[in-house]
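Structure first, then comments.
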Amino acid sequence: MEIFQANNVVKEFVGHVALSSVSISVKEASIFGLLGPNGAGKTTLIRIINQITAPDSGELFFEGRPIKADDIYQIGYLPEERGLYKKMKVGEQALYLAQLKGMSKKDALKNLKIWFEKFEIQAWWGKKVEELSKGMAQKVQFITTVIHQPKLLIFDEPFTGFDPINTNLIKNEILELKKNGTTIIFSTHNMSSVEEICDHIALLNQSKKILDGQIDQVKEKFKTNTFEVQYRGDTPDLEYRLGANFKVLEHDVNDRLKQMKVQFLNGNSNNELLKILMNQFEIVSFKEVIPSMNDVFIHVVEQNNLEILR
Amino acid sequence: MNKSILILKREYLTRVKKKSFIISTLLVPVFMAALMILPTYLAMMDDKEERTIAVYDPTSLILDKLESNEFTKFHYIPRQEFQKLSKNFKSGKYYALLHVPENILTTNLAEMISDKQITFDIKNLITNRIEKIIEGEKRKKVVDESGLPDLEKKLAATKTNITLETIKIGEEGKAVKSSTEIAMAIGYVAGFMIYFFVFMYGIMVMRGVMEEKSNRIVEVIISSVKPFQLLFGKIVGIGLVGLTQIAIWVILGIAITTGVTAFIGHGSAETVVQAQNIMSAQGMDQMAAAAPAQKNITLEIIQSIGNLNIPLIIFSLFFYFICGFILYASFYGAIGSAVDSDEDAQQMMMPVMMPLIFSIVILFAVAKNPEGSLAFWASIIPLTSPVIMVARIPFGVPAWQITLSMIIMLGTILGTIWMAGKIYRTGILMYGKKVNLKEIVKWLFYKN
């Protein structure tokens with residue numbers, strides 16, 4: 001079931017279009033990656049989901065029905081540019097933000113206690129935010145985002161400012177939240193983390209959605225029938241022996257363990273290539289090259305920019 | 001609305017709990033009281049030291065007329081002793097040496113010799129007394145020479161002291177004693193108070209908005225509440241901080257004034273009695289007669305304060321503080337949302353500050369002529385009316401003018417709040433863009 005859906009959302013600012021007819025749909029209990037270069041319109045879309053700004057046209061659905069004002073209490077938002085009141089005490093502030101999200105003081109205290117224990121930061125309760133390091137403040141902010149147990153969480157670059165240990169901690173918390181049924185919209189430029197945790201992505205470029213789908217399908221779609229082969233042995237005229245159906249993209253013969261990338265040019269199968277290669281040398285490894293999200297991102301965005309220029 | 005109250009509570013509590021707030025709220029009245037009490041107290045602290053002054057008086061004019069009092073004794077010395085003392089005066093037995101030269105009637109000059117700096121009080125006392133004695137002496141001479149009997153009495157009778165009673169005819173045709181000075185003083189203080197509070201707390205709203213914007217916490221908060229609720233809660237919360245401070249100052253002010261009045265009132269009665277004693281002892285009845293007149297002034301002040309419409313003054317003080325504050329706080333809030341840096345804020349603040357500063361500039365002219373057209377218009381136009389109207393009210397302002405001013409004020413506030421809300425909504429999410437007035441006016445017409 002879709003927890004959130006946007007149909008043909010349009011948002012224009014004076015002088016430029018931020019979103020032109022963008023549609024996304026986010027499945028419940030999944031992690032949805034919202035990707036795109038700077039200025040693509042991600043923040044605008046996130047603000048529309050949060051009802052900070054309203055779209056000029058288009059429909060928004062939450063849990064299958066048109067979104068209403070109260071739904072913001074079911075949403076938790078961690079903006080990219082984040083901050084807390086510097087002069088306010090950590091505990092007071094967390095309590096205040098939780099209450100703004102509609103929690104009662106009692107429930108907020110109870111949940112905060114659990115989270116503070118989980119992150120082992122009980123000692124910070126009475127400290128002022130300005131006394132905390134950046135990473136510490138980020139942890140507090142993460143807690144204030146998830147404290148009211150929202151059904152939908154929106155994280156905009158959640159890992160910036162964390163060391164590898166805390167990044168891992170936060171990542172695990174996000175996966176844990178997903179396991180417990182929370183839906184997460186995840187916006188980042190860090191493609192390796194997208195690959196790691198996202199189930200589904202949408203890619204925005206210049207106010208338009210140019211790609212979306214399940215992450216494995218997206219990658220499947222952009223694979224180029226390229227295989228990486230490692231071998232031992234000596235093969236002069238390899239390219240000639242492979243014939244016109246295969247193209248050698250890279251060939252590294254300087255090491256003892258030699259390596260090459262071969263692309264199919266038309267509908268050949270892996271086995272066919274293997275058959276030819278088996279007769280030439282000793283194969284050490286043979287695997288298909290699946291494009292990384294990073295490659296997909298760059299390829300698709302550059303392609304799209306060229307099209308727009310034309 | 002519930003969320004606005006949460007925000008209001010935070011804005012209020014974080015500010016009221018600040019040390020700087022507590023200290024300034026409690027200390028300012030104490031300082032004011034100290035400023036009032038200390039000079040009077042110090043002046044009243046009688047110099048309790050006993051001093052003997054040697055007097056050499058070859059003229060015999062003041063001989064025996066200079067009477068000793070409790071702490072200052074006079075001791076007449078003969079010529080030889082004077083010569084001895086004057087050459088090498090060392091205080092010990094005598095605090096100082098007073099020399100009344102023979103030609104004092106023509107030169108009006110006497111001298112006092114000491115190895116110390118003669119205290120102000122002693123110098124005053126002796127100057128006054130010799131003055132009176134010599135004046136009497138001269139007058140006697142004139143009277144004697146003229147040969148007119150009773151001249152002295154006749155001259156004394158020419159002494160005049162005019163008292164101008166200002167009486168205002170009240171609405172029921174009842175004559176009320178009024179004091180222009182009191183009305184002016186109260187109007188002035190009230191006007192300044194409004195200026196000060198609106199200014200200080202208006203800026204506080206701007207700083208609060210800027211803090212949230214530069215902290216970036218604003219985006220989190222407006223994902224839970226509407227921007228307008230946030231601005232509203234902030235303005236009301238900070239306004240309540242201002243009211244708290246005013247209320248504490250008014251209460252402490254009344255308490256301290258009452259205390260001070262009791263203290264000084266008690267003391268001054270004593271001083272008056274003392275002065276009368278001294279004067280009558282010297283046979284200067286006409287001076288002593290002037291003292292009760294002074295007492296009358298105190299009474300009159302109390303009377304004319306009683307005749308002022310105190311409830312109206314206090315009501316208008318609060319009304320114009322609240323409205324003036326909301327008016328200017330909306331402006332300041334809008335500015336705070338539009339700018340990124342302090343320098344930009346300074347620049348944008350100038351046009352908003354002008355009407356307030358203008359009110360203070362014309363405040364004196366208004367207090368001098370509270371019925372003039374400047375006073376009238378300035379108390380109707382909402383940008384200046386908070387300061388000017390409260391300054392006018394102690395003089396008595398026609399009810400229709402007050403009503404008109406208040407209605408225009410309320411209407412304007414509604415307009416500015418709407419406008420500020422629009423600007424604020426766009427401004428708080430706008431970063432890294434240098435805005436000008438034209439840009440801000442455009443924001444007024446943005447759709448959400």
Side-chain angles (χ1 to χ4, degrees), chain A residues 11-15 43-44 46-57 69-89 92-105 108 128-130 137 140-141 144-145 147-148 150 152-154 156, chain B residues 1-15 17-21 207-230 233-234 237 340 424-433 435 438-448:
Chain A
K11 179 75 186 177
E12 269 181 55
F13 293 114
V14 178
T43 303
T44 306
I46 289 175
R47 283 181 181 167
I48 285 172
I49 301 172
N50 274 305
Q51 303 187 41
I52 291 174
T53 44
D56 297 341
S57 68
D70 277 354
D71 290 334
I72 49 172
Y73 302 131
Q74 300 301 331
I75 299 176
Y77 175 35
L78 184 71
E80 180 179 7
E81 297 279 2
R82 52 199 85 134
L84 298 162
Y85 290 111
K86 290 196 175 64
K87 304 263 175 210
M88 219 175 162
K89 287 185 179 143
E92 260 173 56
Q93 183 148 210
L95 206 55
Y96 172 63
L97 292 172
Q99 281 177 289
L100 279 185
K101 274 294 184 189
M103 286 190 96
S104 73
K105 198 170 177 177
K128 282 186 181 167
V129 172
E130 60 188 353
V140 174
Q141 188 131 26
T144 63
T145 310
I147 190 68
H148 57 294
L152 178 63
L153 273 168
I154 302 168
D156 199 347
Chain B
M1 226 50 230
N2 190 17
K3 295 286 169 317
S4 282
I5 289 168
L6 256 173
I7 289 164
L8 185 157
K9 245 170 72 185
R10 193 201 81 88
E11 298 290 339
Y12 181 79
L13 288 178
T14 50
R15 285 184 173 79
K17 282 197 286 191
K18 258 191 199 160
K19 279 193 202 86
S20 58
F21 176 82
R207 297 250 165 265
V209 171
M210 281 174 71
E211 185 204 358
E212 275 166 4
K213 186 179 176 181
S214 61
N215 262 357
R216 312 277 177 159
I217 195 169
V218 71
E219 199 162 348
V220 174
I221 293 179
I222 60 168
S223 69
S224 314
V225 301
K226 293 261 163 293
F228 187 76
Q229 287 178 304
L230 176 58
K234 182 175 281 296
D340 280 340
Y424 180 79
R425 210 181 46 193
T426 310
I428 41 171
L429 293 175
M430 197 78 80
Y431 290 99
K433 195 170 172 185
V435 291
K438 211 173 114 200
E439 179 85 26
I440 290 181
V441 171
K442 257 199 251 162
W443 295 354
L444 285 180
F445 305 103
Y446 271 15
K447 299 161 279 162
N448 221 3

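Below, all heavy atoms of this structure are taken into account, side chains as well, without hydrogens, waters or symmetry copies. Throughout, a chain's letter reflects where its sequence line sits, starting with A, and its residues are numbered from 1.
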Side chain to side chain contact (heavy atoms under 4.5 Å, CB included) between L84(A) and R216(B), worked out: CA-CA 7 Å; L84(A) 298 162; R216(B) 312 277 177 159; over 6 Å; no
Just give me the residue among K18(B), E212(B), R10(B) that pairs up with chain A most often, heavy atom to heavy atom, under 4.5 Å. R10(B)
Option in P55(A), A69(A), P79(A) with maximal non-hydrogen atom pairs under 4.5 Å from chain B: P79(A)
State, with a plain yes or no, whether a side-chain heavy atom of I52(A) is found less than 4.5 Å away from one of L429(B). yes
Point-to-point distance, once rounded to the nearest 0.5 Å, from CD1 of I5(B) to CD of Q99(A): 12.5 Å
Could you measure the distance from the CD1 atom of I222(B) to the CG atom of L100(A)? Nearest 0.5 Å is fine. 12.0 Å
Using atom types as modelled and distance alone, determine if a side-chain donor or acceptor of K87(A) lies under 3.5 Å from a backbone N or O of T14(B). no
Rounded to the nearest 0.5 Å, how far does OG of S224(B) lie from OH of Y77(A)? 11.5 Å
What distance separates K226(B) NZ from Q51(A) CD, expressed to the nearest 0.5 Å? 6.0 Å
Option in I221(B), V225(B), V218(B) with maximal non-hydrogen atom pairs under 4.5 Å from chain A: I221(B)
Can you tell which of H148(A), R82(A), E92(A), R47(A) has the highest number of heavy-atom pairs within less than 4.5 Å of chain B? R47(A)
Residue part contacting chain B, namely of Q93(A), when any heavy atom lies under 4.5 Å: side chain
Check: R425(B) and T53(A) side chains under 4.5 Å, non-hydrogen atoms: no
Nearest-0.5 Å distance that lies between atom NZ in K101(A) and atom OG in S223(B): 4.0 Å
Cut-off 3.5 Å, side chains only: do Y85(A) and E211(B) have a donor facing an acceptor? no
Quick one: does N215(B)'s side chain have a donor or acceptor within less than 3.5 Å of a partner on G83(A)'s backbone? no
How many angstroms lie between NZ in K3(B) and OH in Y73(A), if you round to the nearest 0.5 Å? 3.5 Å
